[in-house]
Amino acid sequence: MSRRIVGFSLTALTVIGLLLAGCAPQTVTVTIPVKETVEVPVQVTVPVPVSAPKGAVTVLGVWGGSEFEAFAAAVEPFTKETGIGMAFETSREQATVLVTRVQAGNPPDIAILPQPGLLVDLAKMGALVPLENIVDMDQLKKDYAQAWIDLGSYDGHLYGIWFKGALKSLVWYNPKAFQEKGYPVPTTWDEMIALSDRIVADGGTPWCIGLESGAASGWPGTDWIEDIMLRTAGPEVYDQWVNHEIPWTDPAVKRAWELFGQIARNEKYVWGGTTGVLSTNFGDSPRPLFDTPPGCYMHRQASFITGFFPGGVKAGEDYDVFAFPSIDPRWGVPALGAGDVVVMLNDTPEARAFIQYLASPTPHEIWAARGGFLSPHRGVDLKAYPDDLTRKQAQILASAEVFRFDGSDLMPAAVGAGSFWTGVMDYVGGKDLDAVLQAIEKSAQDAYK
Amino acid sequence: MSTVRRVLERLPLHLAVIGLCLIWLLPTVGLLVSSFRPKDAVFATGWWTVFRFPLDFSQFRLDNYIQVLTAQGLGRAFLNSLTIVIPSTVIPITIAAFAGYAFAWMNFPGRQVLFVIVVGLLVVPLQMTLIPLLRIYNRVGFSGTFLGIWLAHTGYGLPFAVYLLRNFFGSLPKDLFEAAYLDGASPLTAFTRLALPLSVPSLASLAIFQFIWVWNDLLVALIYLGGTEKVAPLTLRLSAMVQSLGQDWHLLTAAAFVSMAVPLLVFFTLQRYFVRGILAGSVKG
């Protein structure tokens, strides 16, 4: 009896199974795959190595889209002349990928890092090749300001050549709107505040600030505070602050935050109020400059922000720029900047040639001509830049007497890419300044150990 | 009369379901609308503003799609993705089917312990394996090869696949296999002629899971394969369209739908097995 039932259900199930198998091409996946897995590897039995074949150099960078195209164009003459090709990998998760590859033992030949902090980390790991004997040091000292050379060095060795720079101490404005209302371009902080009050009295909004940037929200505020700090306390105190030789609760630091708050926490000064400041993406924030009537009149942001401007606006006509003004006349108008540094991880003849080429003015000039690029290289012909506005910035960047690198990029990540960012958000959101600074100080005490 | 009452009774349910669906779909709809808007419009106003003039088709453009589809190296990236994804789906499922059957129906010493270890691997974050595995790969010359990434995806996919299939095979009636053995079937015959045909739904749903996971993967490819044009899959190529500070992110709206096309196709062809497969092993008999 039970045997018959089993037999019956067995046939029934087999029939169902066969039906399923018949109408389902998926059963095929179980049989064909075996063939396929045997077949496909045959095509790839010779593994394609990540490290490109001889006569090429592998480069890992963060540049994508038109940035990469510009860099590829800048490298073209090198490939033509030497026959050495470039295999470029773009990854915006560069720090993760690079550290993983270094630890696993297959780093790219060259990496282009957007922050000197990573250079120091890699140098400490012993992953970088010193460049003193690879590039002509005498020439390099002529081509780059000492500040840039120091930023590319660690423990007495040169590890990086700066390729692309960004100037941060800039205030963007709409010259047409300024002219129409008869506003002067301010040259001191007090004039700038007076102008802001005047704009408010005229019924306008002086500033556009946007702090939102995904997980990195708050960083535009850190640039503000760094710029103010350079102008109120001077470069030496700035360095002490970056190296955590003075605490975050120091009066000099507090004053910089207060001056930032004077603008960013003033509901009448900022487009959209403090809520707007907190929730507007940094890339979208300058757009009201170009509205009619202007949603705001001034925007403090680095040179790269032009890449976010709406299509069709013209440099010099629709937007212009003035240097973030002096606060304490003693410290004048220092320049805050950032940049990308080229480092070498594998000592190959190809990589040496590549580094030597990038230290020459040619690739800088090629990218400069395509726009959206500033070079810290002094040998770069200023005529290479596409417009006067860029030329002006390039000149400031290459020749600034007091130049400091973006401090948050130099601090340990837990502070510079952590509590400093969140502190800015908290402060603009209305939190008490002392509490904010104490919180950052607490994280800094752990991070700088 | 009664139908009216039934409709009225079920109305709140229907409204709730429709409401949930709308909330669920909203971000995707926003993405879709944005992907058809020109760059300046995307940056200037929210996607919902198109509904002010829903019949004004001039506000929709194909620019983003054209730019994404004509990007250099996209065809190659598509091929690379397929080269990665097909073996990376087929290999683990094949292995898992054998292993699942063995764990469910074959008696051998240490069966339970082995199974517990495999299930335990489910909770190991794959990020922990990146450096040690890459080191081994460098030594044997697998890094940057398709073979290497197939094996990596196979390893990462196996614990779940084995777990799901063992539970499915375990839920098949025991009598079935006893009868097969009585009729003289070897374990292999019982597996290929009996267990496999019965498990098509769960195999299909597993294939969907694994396919989509591998297709969307960025990290594993980035580490083991690298982003050079020769080997980079679609995800790497698309993410490289955005500049270092996120400029041109509007292209990602269109890129998302381009990249979605293949998984959607796979899902809809296999979806009738999908729900059945999810229920795999939930009811005995």
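Below, each value reflects all heavy atoms present in this structure, side chains not excepted, and no hydrogens, waters or symmetry copies. The sequence lines fix the lettering, A, B, ..., with proteins before strands; numbering per chain opens at 1.
- Checked against the 6.0 Å centroid criterion, the rings of A/W172 and A/Y319 qualify as a close aromatic pair.
- Between B/V214 and B/I84, the closest side-chain pair of non-hydrogen atoms falls below 4.5 Å.
- Looking only at heavy-atom pairs under 4.5 Å with chain A, the residue among B/L222, B/L133, B/L130 that has the most is B/L222.
- A/F68 does not touch chain B: none of its heavy atoms, backbone or side chain, sits under 4.5 Å away.
- The part of A/F282 that comes within reach of chain B is its side chain, from C-beta onward, which places non-hydrogen atoms under 4.5 angstrom from that chain.
- Using a 4.5 Å cut-off between heavy atoms, A/S66 contacts chain B through both its backbone and its side chain.
- Residues B/F267 and B/F211 keep their aromatic ring centres 6.0 Å or farther apart.
- Contacts of A/Q94 with chain B are absent, with no heavy-atom separation under 4.5 Å from either backbone or side chain.
- Counting heavy atoms from C-beta outward, B/L225 and B/N80 have side chains that stay 4.5 Å or more apart.
- Contact annotation for B/L219: neither backbone nor side-chain heavy atoms come within less than 4.5 Å of a heavy atom of chain A.
- A 4.5 Å side-chain heavy-atom check between A/E67 and A/W367 finds at least one atom pair inside the cut-off.
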